[in-house]
Engineer: 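First the structure, which I've put down as structure tokens, then a few questions once you've had a look.
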Amino acid sequence: MSGINSSKLIQWFNQVKRDLPWRKTKEPYAIWVSEVMLQQTQVITVIPYYLRFMKRFPDLFALAEAEQEEVLELWRGLGYYSRARRLWEGARYVVQMTEGRMPENYDALLTIKGVGEYTAAAIASIAYEERVPVMDGNVKRVLSRILRWEEDVEKARSRRFFLEYLKEVIPGDCPGDFNQGMMELGATVCTPKNPRCEQCPLQEDCESFALGDPQVYPVKKSKEKPTEAFRPTLILLHRGQVLLKKRPTTGLLANLWEFPGEEMMIPSLEKFREGKEWYGLYKNQISDPTYDEIVKELLSRNPSVKGPLVHTFSHRRWQMVWVVLDLDDVIDKSSEVRAGKDSQLKEDGLCWMDVKELDRIALPVAFQKIWTKLQER
DNA sequence: AATTCGGGGAG
DNA sequence: CTCCCAGAATT
């Protein structure tokens, strides 16, 4: 193997690197936050989230002292919400175990939940200049082109080979710049489509450039299509408030808020479109009997079923339909009906929220879409 | 080894 | 539309 000209890469990196907020520091905590946010998320998306997050939680202690709820609120819209929970848990773990001193090497960093091989290597190499290679999507693409790697880059064999290769070529000085250089190269020059080979500092090392076929790499098998589902949703309004429900602590959109409803298979969509089945859904979601009669009355008036509005996740696709039930259309002595009932609602994770608060809480984008649509009238 | 975790940028 | 993104944990 010919190898990578690491000094040329590092020199290139220091000339052209983008001016990013997390490159102004070598604080391991700050690097940690940035690396977690950058998991499966593009730089341009992360920047505003990172700035807000670091302003609110400037150090490990600020984060460790916070409520999980507030961390999720700041994470809203960024996706992969378990990252936020684990970052928060990790901060508390470090504060508790070592009085807030970050683990100072790759192996120790790995003991933090939510810190995997990539993130541990990134923090160790950038903050501590430890000679450990990172491997992310950028690095896989760059290496697959340099080596003309014909196997699926997602396979374990590929990963092992790339890591062994990188261990050989990563330099002892400025390993962090080498790692960031590889990623910067993938992000700005060795891009998935139309790579800018004329700008590449590793052009002479690149077998696929020599043979003129960089665009055929990396080899990977095509992805599965998202599973189709639909999502009937109840919008209950009452005196300027809307009924929200806390999602389960695991799985999709864990610990976030939603409008009551549940995911179902597509075949049952028609019944909901026809206005049937909504009361069954309601009782399924809201065991508290307080509003049963009112909801029955409102549903008997055949409220129009709105939607569908489509929201796509990585491997699931929701067709969302919803009905709006304004309790004020039935009640005039409303304060009386609600008095003393909130405690019962709480057992279902339910909560009346001021409409004004909706843009502050951790409400997933899927439900923001519904609310936005609903406001347009 | 394969699945499950979001949401948005770019072409 | 499709593909991909400074991945990690679970099964």
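Just so we're on the same page: letters track the sequence lines, and every chain starts at 1.
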Engineer: Return yes when atom CD of Gln203(A) has more than 12 non-hydrogen atoms of other residues, nucleotides or ligands closer than 6.0 Å, and no otherwise.
Structural biologist: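 Enclosed.
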Engineer: At 4.0 Å (heavy atoms only), tell me whether Tyr118(A) reaches a base, stays on the sugar-phosphate, or touches nothing.
Structural biologist: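 Contact class for Tyr118(A): base.
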Engineer: Give a yes or no on whether the ring-centroid distance for Phe259(A) and Trp322(A) is below 6.0 angstrom.
Structural biologist: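 Here the rings of Trp322(A) and Phe259(A) have centres that are no less than 6.0 Å from each other.
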Engineer: Counting the atoms with a prime plus P, OP1 and OP2 as sugar-phosphate, which does Leu253(A) contact under 4.0 Å by heavy atoms, base, sugar-phosphate, or nothing?
Structural biologist: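 Sugar-phosphate, no base atom in range.
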Engineer: Could you state the atom-to-atom distance from CH2 of Trp32(A) to C1' of dA8(C) in whole Å?
Structural biologist: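 Distance check: Trp32(A) CH2 to dA8(C) C1' gives 14 Å.
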Engineer: C1' atom, dC5(C) versus dC5(B): distance in rounded Å?
Structural biologist: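 Result for the C1' pair: 15 Å, nearest Å.
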Engineer: What's Gly79(A) touching, base or sugar-phosphate or nothing? Going by heavy atoms closer than 4.0 Å.
Structural biologist: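 Touches a base.
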Engineer: To the nearest angstrom, how far is Leu109(A) atom CG from dA6(C) atom C1'?
Structural biologist: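 Distance, rounded to whole Å: 16 Å.
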Engineer: Could you check whether Arg83(A) gets within reach of a base, just the sugar-phosphate, or nothing at all, counting any heavy atom under 4.0 Å?
Structural biologist: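 Since a base atom lies under 4.0 Å of Arg83(A), the category is base.
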Engineer: dT3(B) phosphate, OP1 or OP2: any side-chain N/O from His315(A) under 4.0 angstrom?
Structural biologist: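 The answer is no; no side-chain N or O of His315(A) sits under 4.0 Å from OP1 or OP2.
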Engineer: Picking from dG9(B), dG7(C), dG11(B), which would you name as closest to the side chain of Thr119(A)?
Structural biologist: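 The answer is dG7(C), which lies nearest to the side chain.
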Engineer: Can you check the Ile47(A) CD1 to dC5(C) P distance for me, whole Å?
Structural biologist: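 Those two atoms, CD1 and P, are 18 Å apart.
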Engineer: Set out, in order, the CA-CA distance, both residues' side-chain angles and the distance that settles side-chain hydrogen bond (donor to acceptor under 3.5 Å, both in side chains) for Lys193(A) and Gln215(A), then state yes or no.
Structural biologist: CA-CA 7 Å; Lys193(A) 296 172 183 174; Gln215(A) 68 286 348; over 6 Å; no
Engineer: Just how far, in rounded Å, is P of dG7(C) from CD1 of Ile123(A)?
Structural biologist: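 Atom-to-atom, Ile123(A) to dG7(C), this comes out as 13 Å.
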Engineer: Give me the distance, rounded to whole Å, that separates dT4(B) from dA6(C) when you measure between the P atoms they each carry.
Structural biologist: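 Nearest-Å result for dT4(B) against dA6(C) at atom P: 24 Å.
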Engineer: Which part of the nucleic acid, if any, lies within reach of Val43(A) when heavy atoms closer than 4.0 Å are counted: base, sugar-phosphate only, or nothing?
Structural biologist: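 Contact class for Val43(A): base.
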Engineer: What's the closest nucleotide to the Lys113(A) side chain, out of dA9(C), dG7(B), dA8(C)?
Structural biologist: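 Nearest to the side chain of Lys113(A) among the choices is dA9(C).
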Engineer: So does Lys220(A) get a side-chain nitrogen or oxygen closer than 4.0 Å to the phosphate oxygens (OP1/OP2) of dC3(C)?
Structural biologist: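 Negative; the distance criterion is not met.
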Engineer: Any base atoms under 4.0 Å from Val134(A), or only sugar-phosphate, or nothing? Heavy atoms, all strands.
Structural biologist: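 Nothing: the residue Val134(A), judged by heavy atoms under 4.0 Å, touches no strand.
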Engineer: Across the strands shown, which category fits Ser222(A) at heavy-atom distances under 4.0 angstrom: base, sugar-phosphate, nothing?
Structural biologist: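 It contacts nothing in the nucleic acid.
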Engineer: Among dG6(B), dG9(B), dC5(B), which is the nearest nucleotide to the side chain of Ser314(A)?
Structural biologist: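 The answer is dG6(B), which lies nearest to the side chain.
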Engineer: Taking any heavy-atom pair under 4.0 Å as a contact, classify Trp22(A): base, sugar-phosphate, or nothing.
Structural biologist: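 It contacts base atoms.
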Engineer: Checking salt bridge (Lys or Arg N to Asp or Glu O under 4.0 Å) between Glu89(A) and each of Arg92(A), Arg85(A), Arg86(A), which is the one that passes?
Structural biologist: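 The residue from Arg92(A), Arg85(A), Arg86(A) that satisfies salt bridge (Lys or Arg N to Asp or Glu O under 4.0 Å) with Glu89(A) turns out to be Arg85(A).
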Engineer: Would you say Gln42(A) places a side-chain N or O within less than 4.0 Å of OP1 or OP2 belonging to dC5(C)?
Structural biologist: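 It does not, given that no N or O in the side chain of Gln42(A) lies less than 4.0 Å from OP1 or OP2 of dC5(C).
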Engineer: Within the 4.0 Å heavy-atom criterion, would you say Glu224(A) contacts the bases, only the backbone, or no part of the nucleic acid?
Structural biologist: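 No contact at all - Glu224(A) keeps every heavy atom at 4.0 Å or more from the nucleic acid.
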Engineer: Using a 4.0 Å heavy-atom cut-off, does Arg18(A) contact any base of the nucleic acid, only the sugar-phosphate backbone, or nothing at all?
Structural biologist: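 Base, at least one base atom sits under 4.0 Å.
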Engineer: Base, sugar-phosphate, or nothing for Ala254(A), non-hydrogen atoms under 4.0 angstrom?
Structural biologist: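 The residue Ala254(A) makes no contact with any strand.
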Engineer: Calculate the interatomic distance between Leu78(A) atom CG and dC5(B) atom P; express it in whole Å.
Structural biologist: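 To the nearest whole Å, that distance equals 17 Å.
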Engineer: Using a 4.0 Å heavy-atom cut-off, does Lys221(A) contact any base of the nucleic acid, only the sugar-phosphate backbone, or nothing at all?
Structural biologist: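 No contact at all - Lys221(A) keeps every heavy atom at 4.0 Å or more from the nucleic acid.
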Engineer: For Ile112(A) and for Arg23(A), locate the closest nucleotide of DNA chain C by heavy-atom distance; then report the residue assigned to the nucleotide nearer the 5' terminus.
Structural biologist: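 The residue whose closest nucleotide sits nearer the 5' end is Arg23(A).
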Engineer: Are Trp149(A) and Tyr217(A) an aromatic pair by the rule of ring centers under 6.0 Å?
Structural biologist: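 Aromatic pair excluded; centres sit 6.0 Å or further apart.
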Engineer: Is Lys271(A) atom NZ crowded by more than 12 heavy atoms from other residues, nucleotides or ligands, each under 6.0 Å away?
Structural biologist: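 No, because the 6.0 Å sphere around NZ of Lys271(A) holds 12 heavy atoms or fewer from other groups.
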Engineer: Choose from dG8(B), dG11(B), dG6(B) the nucleotide whose nearest atom is closest to any side-chain atom of Tyr80(A).
Structural biologist: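 Selected nucleotide: dG6(B).
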Engineer: Please say yes or no: joined through hydrophobic side-chain contacts below 4.5 Å, possibly via intermediate residues, are Ile31(A) and Val94(A) part of one cluster?
Structural biologist: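 In one cluster with Ile31(A): Val94(A), yes.
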Engineer: Can you say whether a donor on the side chain of Thr41(A) sits under 3.5 Å from an acceptor on the base of dG8(B), or the other way round?
Structural biologist: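 Counting by modelled atom types and ignoring angles, no donor-acceptor contact under 3.5 Å is found here.
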Engineer: When you compare dA8(C) with dG8(B), how far apart are their P atoms, in angstrom units rounded to a whole number?
Structural biologist: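 Pairwise P distance, dA8(C) against dG8(B), rounds to 22 Å.
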Engineer: Verify whether the ring centers belonging to His311(A) and Phe313(A) lie closer than 6.0 Å.
Structural biologist: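 Between His311(A) and Phe313(A), the centre distance is under 6.0 Å.
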Engineer: If only atom types and distance count, is the side chain of Asp59(A) paired as donor or acceptor with the main-chain N or O of Phe61(A) below 3.5 Å?
Structural biologist: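 Yes; at least one donor-acceptor contact below 3.5 Å.
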Engineer: Between Arg86(A) (CZ) and dG6(B) (P), how many Å, whole number?
Structural biologist: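 Value for this atom pair: 10 Å.
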Engineer: So if I take every side-chain heavy atom of Val365(A) and compare against dG8(B), dC4(C), dA9(C), which nucleotide ends up nearest?
Structural biologist: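 The nucleotide sitting nearest to the side chain is dG8(B).
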Engineer: Quick check on DNA chain C: between Met135(A) and Lys223(A), whose nearest nucleotide comes earlier from the 5' end?
Structural biologist: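 Nearer the 5' end of the strand: Lys223(A).
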Engineer: Contact class for Gly251(A) (heavy atom, under 4.0 Å): base, sugar-phosphate, or nothing?
Structural biologist: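 Sugar-phosphate only.
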Engineer: From dG9(B), dC5(C), dG7(C), pick the nucleotide closest to the side chain of Asp136(A)?
Structural biologist: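 Taking heavy atoms from C-beta onward, the closest nucleotide is dG7(C).
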Engineer: Between dG9(B), dA6(C), dC5(C), which nucleotide gets closest to the side-chain atoms of Gln180(A)?
Structural biologist: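 So the nucleotide nearest the side chain must be dA6(C).
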Engineer: Identify which nucleotide among dA2(B), dC5(B), dA8(C) has an atom closest to any side-chain atom of Leu252(A), counting heavy atoms from C-beta outward.
Structural biologist: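 That would be dC5(B).
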Engineer: Taking atom C1' of dC4(C) as reference, at what distance in whole Å does atom CD1 of Ile44(A) sit?
Structural biologist: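 It works out to 16 Å between those atoms.
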Engineer: Of the listed nucleotides (dG6(B), dC5(C), dA2(B)), which one gets closest to any side-chain atom of Tyr81(A)?
Structural biologist: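 The listed nucleotide nearest to Tyr81(A)'s side chain is dG6(B).
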Engineer: Atom NZ of Lys193(A) and atom C1' of dC4(C): how far apart are they, to the nearest Å?
Structural biologist: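 Rounded to whole Å, this separation is 9 Å.
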Engineer: Measure from the side chain of Arg141(A), starting at C-beta and using heavy atoms only, and say which of dA6(C), dC5(B), dC5(C) lies closest.
Structural biologist: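 Nearest nucleotide to the side chain: dC5(C).
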Engineer: Take Gly77(A) and Lys155(A), find for each the nucleotide of DNA chain B with the closest heavy atom, and name the residue whose nucleotide sits nearer the 5' end.
Structural biologist: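 Mapping each residue to its closest nucleotide by heavy atoms, the 5'-most match is Lys155(A).
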